[in-house]
Student: 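Pasting a structure below so you can have a look.
Numbers for residues simply follow the sequence, beginning at 1.
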Amino acid sequence: MKTLRKIDPQIYNLIKLEEKRQKEVLEMIPSENYASSAVLEALGTVLNNKYSEGYPKKRYYQGNAVADSVELLAQDRAKKLFGVPYVNVQALSGSVMNLAVYFATLEPLKGKIMGLSLAFGGHLTHGQKMSASGKFFKSVLYTLGEDGKLDYEKIEQQAIAEKPDIIVCGFTAYPRIVDFKQFAQIADKAGAILLADISHIAGLIVGGAHPSPVPYAHIVTTTTHKTLRGPRGALIMVTKKGLEKDPELSKKIDTAIIPGLQGGPHDNQTAAIAVALLEASSLKFKQYAKQIVKNAKALSDELIKFKFKLVSNGTDNHLILIDLSNKGVNGAIAAFALEVAGIVVNKNGIPFDTNPPFYPGGIRLGTPAITTRGMKEKDMIRVAAWINRAIEQVKNERLPENKEERSVFMKDFKKRALKNQELLKICNEVKSFTSKFPLP
Ligand SMILES: *Cc1c(COP(=O)(O)O)cnc(C)c1O
């Protein structure tokens, strides 16, 4: 970044600071990862300069021979890796990808989406009222069972009663295997399209560490920057089953992206997606995917030893949801204390949470990024011990019920946490530990 350093030292320094942060902490937000140098190199190229509105061989602008080859390569690799007959690689992010599916398949204001409630681990774009998916379409939300797991019987009853046009499965905060076959049976009975949004688990699926929805769903969507470890971006795939249901489905999705929701695709992003897909088809990536799950299971076993209460009592995938109620700590307090200690997680609602959304009862953490750095099961013993020590420091921090008192309290708490000697000590230990695990 020699030129950037000279032209804009402020931005250069900020990027350097972020690089330092990413190196020094335990990055445990389950939707984050470290993309490879090859992916980052592809992003920072002259492909950024090109306009390629349209699709390969059908562009609105001249000069797209290379862009066509890049996009066709990305499509080809995605089709092979996931085993699907059609893919669109142009959606700029996960939220647009799901909107494109709805605009392709539903009539605005009339079509009905059925997705998991945000409060139970669903995504904003799965029909929540505050999202475009819930404003432009009708929606109905399902929840989880008392055990924090999917209750397929209850979902089926609701689907038959509500008759949604599309059912969304695949989540943002669900630590267990999703049974796509059961969801397909439910969708068939309700006469609905089944959309599997595998944004969180795509890397696990192509690595053989989670079953694939491809034989069961009509449409499969995924972001490319989570466990798949690529650039920010998305894939919209139609399965053989989807094309059998509606042979026009692929065309409808292409049209929903452009002219429906976007103009030109980001060719540099498309190239980086192609690189990530190549990397994800390697044997090494399969080992990586399996290691993510092994690490998450090892970490959950260790956390349980420290009497942490895990939603659904454990994990089958890359993420863990901790219900902090038995520790008497709010998720917002815990997440801040952990950050001071060099462990980056996010506060998160837990099933049947009675706390306000900005101050939820739990935290969500995962192993994709630390596994990329080469950490193994034995390292999870230390990670769990640090998490426990940090939470012990804030056990007596009681969040006031009253709204104004709460924000005053948080300000004061943050000041105290930033000076807490034990948290700072953990942070130093974490820093020296992570220095042994280089970034890609
Ligand atoms: C992350 C995520 C998205 C949205 O991705 P953005 O790129 O942040 O818009 C959609 N669906 C699920 C299930 C996700 O986890």
Student: With rounding to the nearest 0.5 Å, note down the distance linking NZ in Lys110 to CG in Leu106.
Tutor: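 Taking NZ in Lys110 and CG in Leu106, the distance rounds to 12.5 Å.
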Student: In terms of the angle between their ring planes, are Phe171 and Phe183 parallel, tilted or perpendicular, with boundaries placed at 30° and 60°?
Tutor: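 Plane angle between 30° and 60°, so tilted.
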Student: Check this for me, if you would: do Glu279 and Arg229 make a salt bridge, where the nitrogen-to-carboxylate-oxygen distance has to be below 4.0 angstrom?
Tutor: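 So Glu279 does not pair with Arg229 through a salt bridge.
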Student: Please tell me if the side chains of Asp68 and Arg59 come closer than 4.5 Å, counting only heavy atoms from C-beta onward.
Tutor: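 They are in side-chain contact.
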Student: Please report the C-alpha distance between Glu32 and Lys226 in whole Å, then the side-chain angles of each, then the deciding distance to 0.1 Å, and finally whether the salt bridge (charged side-chain N to carboxylate O under 4.0 Å, His left out) criterion is met.
Tutor: CA-CA 5 Å; Glu32 293 185 7; Lys226 297 179 184 173; over 6 Å; no
Student: Does Lys251 have more than 12 heavy atoms from other residues, nucleotides or ligands lying within 6.0 Å of its NZ?
Tutor: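 12 or below, so no.
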Student: Under a 3.5 Å cutoff, is there a donor and acceptor pairing between the side chains of Asn64 and Ser52?
Tutor: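 Present: a donor and an acceptor within the cut-off.
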Student: Answer with yes or no whether the side chains of Asp267 and Asn48 bring together a donor and an acceptor at under 3.5 Å.
Tutor: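 Per modelled atom types, Asn48 and Asp267 side chains form no pair under 3.5 Å.
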Student: Between Asp76 and Lys80, does any NZ, NE, NH1 or NH2 come within less than 4.0 Å of an OD or OE carboxylate oxygen?
Tutor: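 Salt bridge present between Lys80 and Asp76.
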Student: Sequence neighbours left out, what passes salt bridge (Lys or Arg N to Asp or Glu O under 4.0 Å) with Lys290? Give chain and number order.
Tutor: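 Per chain and number, Lys290 pairs via salt bridge (Lys or Arg N to Asp or Glu O under 4.0 Å) with no residue.
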Student: Heavy-atom count around Phe136 CZ within 6.0 Å, excluding the residue itself: above 12?
Tutor: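 No, not enclosed.
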Student: Any luck finding a side-chain donor-acceptor pair between Ser93 and Ser95 under 3.5 Å?
Tutor: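 No, no side-chain donor-acceptor pair sits under 3.5 Å.
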Student: Looking at Phe358, I'd like to know if the NZ or CZ of Arg406 sits under 6.0 Å from its six-membered ring centre while staying within 45 degrees of the ring's axis.
Tutor: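 Here Arg406 fails the 6.0 Å and 45° test against Phe358.
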Student: Assess whether a salt bridge exists between Lys241 and Glu244, defined as any Lys/Arg side-chain N lying under 4.0 Å from an Asp/Glu carboxylate O.
Tutor: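 No salt bridge links Lys241 with Glu244.
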Student: Is the cationic atom of Lys112 (NZ for Lys, CZ for Arg) positioned less than 6.0 Å from the six-membered ring centroid of Phe137 and within 45 degrees of its normal?
Tutor: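 No, Lys112 does not sit over the ring of Phe137.
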Student: How about Tyr51: does its OH atom have over 12 heavy atoms from other parts shown lying under 6.0 Å from it?
Tutor: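 Open.
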Student: Got a sec: does the NZ of Lys129 have more than 12 other heavy atoms crowding it under 6.0 Å?
Tutor: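 Atom NZ in Lys129 is packed in, count exceeds 12.
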Student: Are more than 12 heavy atoms, taken from residues, nucleotides or ligands other than Lys240, located less than 6.0 Å from that residue's NZ atom?
Tutor: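 12 or below, so no.
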Student: Hey, are Lys252 and Asp246 close enough for a salt bridge, meaning a charged N less than 4.0 Å from a carboxylate O?
Tutor: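 The answer is yes: the pair qualifies as a salt bridge.
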Student: Is Asp316 salt-bridged to Arg176, cutoff N-O under 4.0 Å?
Tutor: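 Salt bridge present between Asp316 and Arg176.
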